[in-house]
Amino acid sequence: MRIESERLVSLNPATLEPVGSVALTDPADLPGRVRQARSAFPAWREAGLDARIRIIRRAEELLCAQAEEIARLITLEMGRPFAEAFTTEVEASIDLLYYYWKHAHKFLRDRRVPLHSVFFKTRKSFIHFQALGVVANITPWNWPLLIPLGVIVPALLAGNAVLFKPSEYTPLVGEKIREVFIRAGVPEDILINVHGGAEAGRAASASGVEKVFFTGSTAVGQAVMAQAAALLTKVVLELGGNDPAVVLDDADVEIASSGILWGGFNNCGQNCNAVERVFVHRRIYDRFVSRLVEKSGCLRIGDGMDSGTDIGPLATGAQRDKINRIVRAARNSGMDILAGGNTLPDKKGNFFTPTLITCEGNGDVIPDEEVFGPILYLKPVRDDDEAVRLANASQFGLAASVWTSNLRRGERIARQLESGTVMINDAVVSFGMTEAGWTGIKKSGVGWMHGEKGLDEMVNMQYINADPLFHTQKMWWFPYSEKMVAAIRAGLVFLFSRNILKQAAAVPAVLKHFTGYLVLNRPKRDKL
Ligand code: NAD
């Protein structure tokens with residue numbers, strides 16, 4: 001990316017050639033944009049869910065019709081191979097639209113809250129879902145379509161307006177997203193794009209919107225939370241990870257090595273939920289490592305537009321420099337680099353070879369930082385307990401995987417892992433299962449995306465309670481009296497005593513006080 005005369009120029013990371021450009025947004029314009037969205041919001045909310053569903057269905061059709069074109073744009077802007085962009089990103093995005101419009105009525109209809117207390121049994125009691133207003137969506141470049149849509153689609157369905165800031169490295173995909181929704185019928189001021197880097201993101205998170213949905217690094221997420229706090233703006237943060245894979249001694253080495261190869265190196269390792277640390281039972285460690293080395297040697301590195309490419313370039317020069325630094329540090333600390341570990345100087349783009357680093361000595365400690373690139377750290381472990389302990393020894397808690405032929409054992413390990421998601425015998429792909437829901441624990445996030453919980457984040461949950469009996473007097477209203485206290489005293493024993501004799505003894509007092517109360521305070525039936 002570079003900035004030229006007030007425009008953000010997007011660069012192809014495989015060739016470093018420009019792909020296109022968009023106009024930069026002046027951060028000082030943000031309050032005005034929020035006002036624009038806020039005044040368009042009531043009409044959008046009042047348009048009704050059926051109208052909004054029709055628009056999202058149309059957007060789904062438009063995405064389908066342009067699926068290959070959009071996948072190509074993703075490849076051109078951030079480098080991931082076309083086949084990968086087409087399947088894991090575009091197909092999963094279309095599925096996300098389908099999932100949300102299909103379930104929107106079920107998720108957004110009033111939710112009954114049955115009341116158990118005898119005092120309130122007759123009440124009408126439910127949660128009503130109200131649109132929030134204007135929400136901001138600040139996103140990264142690594143899944144430039146699926147991540148924004150994971151916010152935009154449920155936000156629009158719930159009746160919100162969206163201020164969307166795509167990553168400065170993928171502004172063209174960001175523009176394409178807006179174009180699709182506007183063509184589908186979303187009003188211009190209901191989905192507003194803001195282009196720029198940190199300045200624009202800072203302005204968006206401090207702009208007084210009702211909620212900020214941020215996906216990006218943990219460090220920036222913390223800054224967003226602080227910026228939003230000044231106005232007590234709510235936040236959902238989907239942040240970094242340093243995901244472990246635990247390979248048990250009964251794992252099928254072929255399956256585990258192929259799955260972890262893909263989990264670590266697809267999208268050139270630039271996934272928040274990429275496998276980064278691999279803990280392998282000592283009994284199968286050598287076999288596993290030798291298969292992984294062989295398989296990583298077969299990966300074809302190149303321009304993502306070439307159909308034979310498995311691994312594209314890193315998305316930015318900064319990413320390549322960071323990965324270089326991590327490999328240098330590993331070398332300097334005496335760890336073995338079993339495969340990869342270098343850039344491709346004969347190629348123009350930000351290429352880096354898939355890298356396997358072993359940490360076999362007692363002193364070899366895998367750094368607790370997010371790699372976010374094509375590096376897998378491999379470490380042998382004695383037993384399940386050691387694997388779980390090392391897997392959990394991280395500030396992050398995004399996703400994890402367990403590899404085993406015994407699903408019950410896999411689930412036992414999964415329950416002990418401190419992460420928002422655990423996959424058994426697969427990795428990464430649950431992010432494309434919309435109903436699964438997505439969240440990080442520890443320093444990996446706050447709140448949910450995807451699934452029903454993702455839609456819950458888009459609304460105010462308003463509790464409504466109505467008394468349909470129109471009593472003239474309620475027991476807890478004025479005036480207070482000794483009679484009222486006696487009634488509650490008897491009621492407490494009758495309802496909560498663990499002693500059946502005491503409960504039986506309280507019955508006469510309960511009947512006396514409560515019958516009297518019900519008789520004296522008959523409902524005003526004429527009002528029913
Ligand atoms: P980043 O944190 O550098 O930037 C993310 C977005 O925030 C960009 O749009 C950027 O312009 C904006 N931004 C930068 N500074 C800001 C500020 N001070 N205030 C507000 N916005 C600001 O992340 P990135 O390099 O674009 O993406 C990679 C990171 O995203 C990785 O850490 C990865 O783990 C994380 N990520 C997390 C998830 C998840 O679901 N948990 C998914 C994808 C990526």
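Atoms within each ligand, like the ligands themselves, are counted from 1 in listed order. These figures come from a predicted structure and were not determined experimentally.
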Side chains of [X] and [Y], donor plus acceptor under 3.5 Å:
| X | Y | value |
| --- | --- | --- |
| N242 | E369 | no |
| K443 | Q222 | no |
| S257 | K295 | yes |

Short N-O contact, [X] and [Y], less than 4.0 angstrom:
| X | Y | value |
| --- | --- | --- |
| E210 | K234 | no |
| E452 | R111 | yes |
| R7 | E168 | no |
| R202 | E199 | yes |
| R415 | E411 | yes |

Quick check on contacts: which atoms of ligand 1 are under 4.0 angstrom from a heavy atom of [X]?
| X | value |
| --- | --- |
| P140 | 24 (P), 26 (O), 27 (O), 43 (C), 44 (C) |
| G197 | 11 (O) |
| I147 | 42 (C), 43 (C) |
| E238 | 37 (C), 38 (C), 39 (C), 40 (O), 41 (N) |
| W438 | 39 (C), 40 (O), 41 (N) |
| V224 | 19 (N), 20 (C) |
| L398 | 41 (N) |
| I138 | 6 (C), 7 (O), 9 (O), 12 (C), 21 (N) |

Okay, side chain of [X], backbone of [Y]: is any donor-acceptor separation there less than 3.5 Å?
| X | Y | value |
| --- | --- | --- |
| R52 | W44 | yes |
| R277 | A391 | yes |
| N425 | T404 | yes |
| T309 | D303 | yes |

>> When you measure from the heavy atoms of Q227 to every atom of ligand 1, does any distance fall below 4.0 Å?
In response: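 Yes, that is the case, since the closest heavy atom of the residue is under 4.0 Å from the ligand.
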
>> Does the residue G440 have a heavy-atom contact with ligand 1, meaning some pair of atoms that are separated by less than 4.0 Å?
In response: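 It does not; every heavy atom stays at 4.0 Å or beyond.
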
Looking only at distances, please establish whether an N/O atom of ligand 1 is found under 3.5 Å from an N/O atom of [X].
| X | answer |
| --- | --- |
| W141 | yes |
| E168 | yes |
| T215 | no |
| N142 | no |
| S205 | no |

For [atom], closest protein heavy-atom neighbour:
| atom | result |
| --- | --- |
| atom 41 (N) of ligand 1 | L239 O, 2.7 Å |
| atom 17 (C) of ligand 1 | V220 CG1, 3.7 Å |
| atom 21 (N) of ligand 1 | G201 CA, 3.3 Å |
| atom 8 (C) of ligand 1 | T139 O, 3.3 Å |
| atom 2 (O) of ligand 1 | S217 OG, 2.6 Å |
| atom 7 (O) of ligand 1 | F214 CE1, 3.2 Å |
| atom 35 (C) of ligand 1 | G216 O, 3.2 Å |

The one among [options] that brings a heavy atom closest to [atom]:
| atom | options | answer |
| --- | --- | --- |
| atom 14 (C) of ligand 1 | P166, A198, P144 | A198 |
| atom 32 (O) of ligand 1 | E370, Q222, R202 | E370 |
| atom 36 (N) of ligand 1 | C272, A206, A315 | C272 |

> Can you name the nearest heavy-atom pair linking M458 to N160, along with the distance?
Replying inline: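 What the structure gives for the nearest pair is O-ND2, 3.0 Å.
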
> Hey, would you say the F431 and H450 ring centroids sit under 6.0 Å apart?
Replying inline: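 Here the rings of H450 and F431 have centres that are less than 6.0 Å from each other.
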
> Ring centres of W101 and Y98 under 6.0 Å apart?
Replying inline: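 Yes, ring centres under 6.0 Å apart.
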
>> Any protein heavy-atom neighbour for atom 4 (O) of ligand 1 (distance below 4.0 angstrom)?
In response: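 No, there is no protein heavy atom closer to it than 4.0 Å.
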
